[in-house]
Structures are given as C-alpha cells and as structure tokens.
Amino acid sequence: MLNLIPIKNSYMRFCNNFPLYYFSESGEPVLYKKAGENLKEGSFENNQYSDLFIRKEDEGAVAKQLQAALNIEFARAISSKGIVAIKSSLCLIVEEALSGPLETNLTSLPETIEILFYGTKKNPDLLDALVVINNKSAKVIEHSVNVLALVAQYCFFKKYSEERLKIFSLSALLHDIGLCRIEKEIIEKKERLTDKEFSIYKKHAIKGFNVLQFYPTFDKSVSITALEHHERLDGSGYPNGVKQISFESQVVGLIDSYESLKYQEKTFRQSLKPYDALQIIKKDVVLGKYNKKIFVDLCSCLIK
Ligand SMILES: [Fe+2]
Ligand SMILES: [Fe+2]
C-alpha cells in the first residue's frame, strides 16, 4: 500500500532519485516518474509542484540532501556574503529542519552550529549582528535563531570550551522545537492566549523533549533544556513546577525570556529596549525565579 505525501517545492531539486506520483481524477495514485528519471521539463507552471506526491518513506532521505545543500550554502554565505544573507540562510535551514519529518530531520543542525562557530571566530561581530537583523521568517524560527545567537554570545563571553559552546548552542536552537507539534493557530495568534490555549501551548516543553529522544547522538542537555526552559527556581514555572533545574536550562530559559521581551513584536506588548527588558527580568531575579549570577553575566555580556 503506497503511503504518499505532498512534496514541498524545496524538495524538488533533490527528487531525481525518487519516484513521484500524482492522483488521477478517480483518486488512484499514478506514477509520474520513476526513481532516477529527471522531472519532465515545462510540465508545471512557475515551478509549483503542488500536485505531486512522494512516498512517505523517501521524505527523510530527500530532506537530508536538502539540508546538506543548505549547510553548504550557509558556509558560502558566512565566508563571502553580508549579514542579511547569512541570517536568511540560517533561518531557511531552521525552517526546513522544523518543517520536515522531526524524527530524522535535525541531524544536520550540529554541522550548522559548527559553520556558525567558525564564522564567529573569524568575525566576532557576527552573533551581535545576527540578533539585530530582522528577518521576515515565522516568529518561532526567528526567535530560535536569535536565542541561539544570544546564548552563543554568552558562551563566548564566559570563555566556555568549544565543545560546551556547541552543545549550548544546539540546546538554544532547539529549545522550542516542541512548538512544531502545537496547532499553528495558537503559535501564530497575535492576541493574548486564552487559559485553554495557554495550557495547550505549555505542552511544547514535553513535546520538544519527546522529539529530541529520537536523537541519541545529541547531548542529554539538549532534550533536558527543551523540557525545562520554562521552569523557574522558585517552582513557579512549567511543565512540572520543579525547583531543581539544570544549569543549561537556566541559561537558555533566562535568555529565552530576554529575547521574547526584547525582539518579539507583540500586539499586546511592544518589544522593549535591552535595558527595559533586563529591568523586567531583574524583578524576577529578585523574586528568586532566575539565577542571579547568570543574570549578571548576561548583563555584562550584552553591554560589553
Ligand atoms: Fe518555550
Ligand atoms: Fe523560546
């Protein structure tokens, strides 16, 4: 029995090695091209292939080829292009990683972090510039890339080892991966969420943890950070209301809150200047929600 799924436009240039199908008017799947055959030129307007389908089992392999190509393009952008192109390239990688089959789709991201790391060594202003540039990507993607850049800045400031910095960076990039498993209407809602919607939203922490279980090669702190980044030291956080939180989760959680206040445009709350955002977080530090030392280090890192 064929299990077919619609093919995304971005997968088309990697489809030569895979069979593609379409559905006849009576709803029967029909082979459009065999594996190894090229696409029939000129058969689709404006490269819109929305009527073509791929076997579900082939999706992971196509996604992998696409991500390898995107990493090469990212490396090229880092070495020869401006910051706008670099951020677009990075956002595209994250968008593809988050929109494909999540159980297999994140394997190329450590290499993305590696490329970013070497880019930053060559150009120390890169991370700063990445956060400042506003890309038109979806909110979750832009937010994940910004948190990654801020956390990496923090790690460079703290002079962490290369290995630790890369693990931290991957944890930052994937801390909200569970949002991909929450209804789009809730994620993209501009108004304040209702209580019911917020209780659904809060499940992204556990869902993210579950997705990251498919990646045994990732350091354990990556999945733990996805689970704990909304936990607070006074037990007021979610999903479990625990007071014992890993150090990585504390750092990413604090920077996550800072990024949300500072960079995210919200209709019910305008984005804030760094000083004002830090003042709001400082109140929560005084209340015992965040680690004071991490907060002070973040302030020093941001005003360096
Ligand atoms: Fe989150
Ligand atoms: Fe977040």
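First listed ligand is number 1; within each ligand, the first listed atom is number 1. Numbers here are sequence positions counted from 1.
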- line: For Gly119 and Leu126, the nearest pair of non-hydrogen atoms, with its separation, is C-CD2, 3.8 Å
Arg232 to His229 - nearest heavy-atom pair and separation: NH1-O, 3.1 Å
field: Test applied, side-chain contact (heavy atoms from CB on, under 4.5 Å); reference residue, Leu173; option that passes from Val222, Leu109, Leu90, Leu98
entry: Leu109
query: For Leu31, what residues pass the side-chain contact (heavy atoms from CB on, under 4.5 Å) criterion, not counting sequence neighbours?
result: Pro19, Tyr21, Lys34
query: Do His143 and His175 have ring centres separated by under 6.0 Å?
result: yes
task: Pull up every protein N/O/S atom sitting under 2.8 Å from the Fe ion (ligand 1), skipping waters.
output: Asp176 OD1, His204 NE2, His229 NE2, His230 NE2
- prompt: Any idea how Phe168 and Tyr154 line up, ring-wise: parallel (<30°), tilted (30 to 60°), or perpendicular (>60°)?
  reply: tilted
